[in-house]
Amino acid sequence: PHFGAKLEDVTLVKNGKWHTVVAPEKAGFSSTALVGFKREGEFRGVNTLCNFQDGNISLPTMTQKVLDVEPGEKVFISQIP
């Protein structure tokens, strides 16, 4: 079967926002989110622990390595309640 949906109706997209990656915090992480972005035409995404503040997102060091993302880059996030 084939299913279709308007992009603006997909919850993960509708509730998502762009955030700037900042250096990881040492105190721990209090939220979980789906984090994704495209690099060189390739989509990369993970479900990870994180912290949000004022349009910034702090990701664990391992998550940054897996995504190959550095502080200052923008990622699209959809927070998981």
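Residue Phe52 is grouped with residue Leu67 when hydrophobic side chains (ILVMFWY) are merged at heavy-atom distances under 4.5 angstrom, including chains of intermediate members. Following chains of ILVMFWY side-chain contacts shorter than 4.5 Å, one can reach Val46 starting from Phe37, so the two form part of one hydrophobic cluster. No single ILVMFWY cluster, assembled from side-chain heavy atoms under 4.5 Å apart, contains both Trp18 and Ile77. Leu12 and Phe76 fall into different hydrophobic clusters, where Ile, Leu, Val, Met, Phe, Trp and Tyr residues are linked whenever their side-chain heavy atoms come under 4.5 Å apart, directly or through other members. Transitive grouping of hydrophobic side chains (ILVMFWY, heavy atoms separated by less than 4.5 Å) keeps Leu49 and Met62 in distinct clusters.
In the displayed structure, Lys14 atom NZ is contacted under 6.0 Å by more than 12 heavy atoms of other residues, nucleotides or ligands. Around the CD atom of Gln53, the shell of radius 6.0 Å holds no more than 12 heavy atoms that belong to other residues, nucleotides or ligands.
Looking only at distances, a side-chain donor or acceptor of Arg39 sits under 3.5 Å from a matching main-chain atom of Asp68. In this structure a side-chain-to-backbone donor-acceptor pair under 3.5 Å is missing from Thr20 to Glu73.
A pairwise comparison of heavy atoms in Ser58 and Ala23 identifies OG-O, 3.2 Å as the closest pair.
Within the model, atoms NE2 of His19 and CG of Asn51 stand 11.0 Å from one another, a figure rounded to the nearest 0.5 Å. Note: Phe29 CZ to Ser31 OG = 10.5 Å, rounded to the nearest 0.5 Å. Considering CD of Gln64 and CD1 of Ile57, their distance stands at 9.5 Å, rounded to 0.5 Å. Separating the CG atom in Asn47 from the CD1 atom in Ile80 is a distance of 4.0 Å, to the nearest 0.5 Å.
Using a 4.5 Å heavy-atom threshold, the side chains of Gln79 and Cys50 count as separate.
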- Could you give me the CA-CA distance, side-chain angles and deciding distance for Thr63 and Val35, then say whether side chain to side chain contact (heavy atoms under 4.5 Å, CB included) is met? CA-CA 10 Å; Thr63 298; Val35 178; 5.8 Å; no
